[in-house]
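A short worksheet on the structure shown next.
When a ligand or atom number is given, it counts from 1 through the structure's own listing order.
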Amino acid sequence: MKVALGSDHAGYAGKEVAKQVLDRLGIPYEDFGAQNATEPVDYPDYAQAVGTAVVTGQADRGLLFCGTGIGMSIAANKIPGVRAAVVHDAETARLAREHNDANVMAIGARNTNLDLLPNLIETFLTMAFAGGRHTRRLEKIAALEAASHPHHPQSSLLALKD
Ligand code: RB5
């Protein structure tokens, strides 16, 4: 398991807490920035770096932080093969894995209690996709993606891992 991490300035504090959590869990990660909370940057740049790392196999999962998690999720989901979910707590982290096989978790550092991050991250990284009826639904999402990106190499891939 290797994790790709990214944030904008508004999510920077969340990303730094996530690094401490991953260090404690002994899970390797790559930090794609941002470098601080003071210099305004654009969240799509970091969503692109983390989403690309995940769909190319450089990382198994991505964790993205912005103010609300919304901008990061919208941007990451433009990358074929990314299934990014905005997650608020351990319950939504579990469901994002079990039902949606999310490979990227987007978190709003300004509206999520960062004390929840250890539970939320561990849940997201350990829960398996439940399969069953959810597989059919992910196949329909993959078909939507393939129709929108017919020539993209990732568009026809639906890696329902673990
Ligand atoms: C930055 O101010 C803020 O818009 C961004 O972090 C994010 O919340 C957007 O969705």
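By the 3.5 Å distance cut-off applied to N or O atoms, G69 is not counted among the residues near ligand 1. Note: an N/O pair closer than 3.5 Å links G67 and ligand 1 by distance alone. Close N/O approach between Y43 and ligand 1 is not found [any backbone or side-chain N/O within under 3.5 Å].
When each of V50, V55, T52 is checked for a side chain to side chain contact (heavy atoms under 4.5 Å, CB included) with V82, only V55 meets the rule.
At a threshold of 4.5 Å between non-hydrogen side-chain atoms, the residues L25 and E122 count as touching. Taking 4.5 Å as the limit, some side-chain heavy atom of V3 sits within range of a side-chain heavy atom of L63.
Protein heavy atoms are found inside the 4.0 Å sphere centred on atom 10 (O) of ligand 1.
To the nearest 0.5 Å, the span separating OG1 on T126 from CD1 on I27 amounts to 8.5 Å. Rounding to the nearest 0.5 angstrom, the gap separating the CE atom in M127 from the NE2 atom in H99 is 9.5 Å.
For A10, every heavy-atom contact with ligand 1 shorter than 4.0 Å involves the side chain, none the backbone. Contacts of D8 with ligand 1, taken as heavy-atom pairs under 4.0 Å, involve the side chain alone.
Put simply, part of R110 is less than 4.0 Å from ligand 1, judged by heavy atoms.
Heavy atoms from other residues, nucleotides or ligands lying under 6.0 Å from CD of Q48 number 12 at most.
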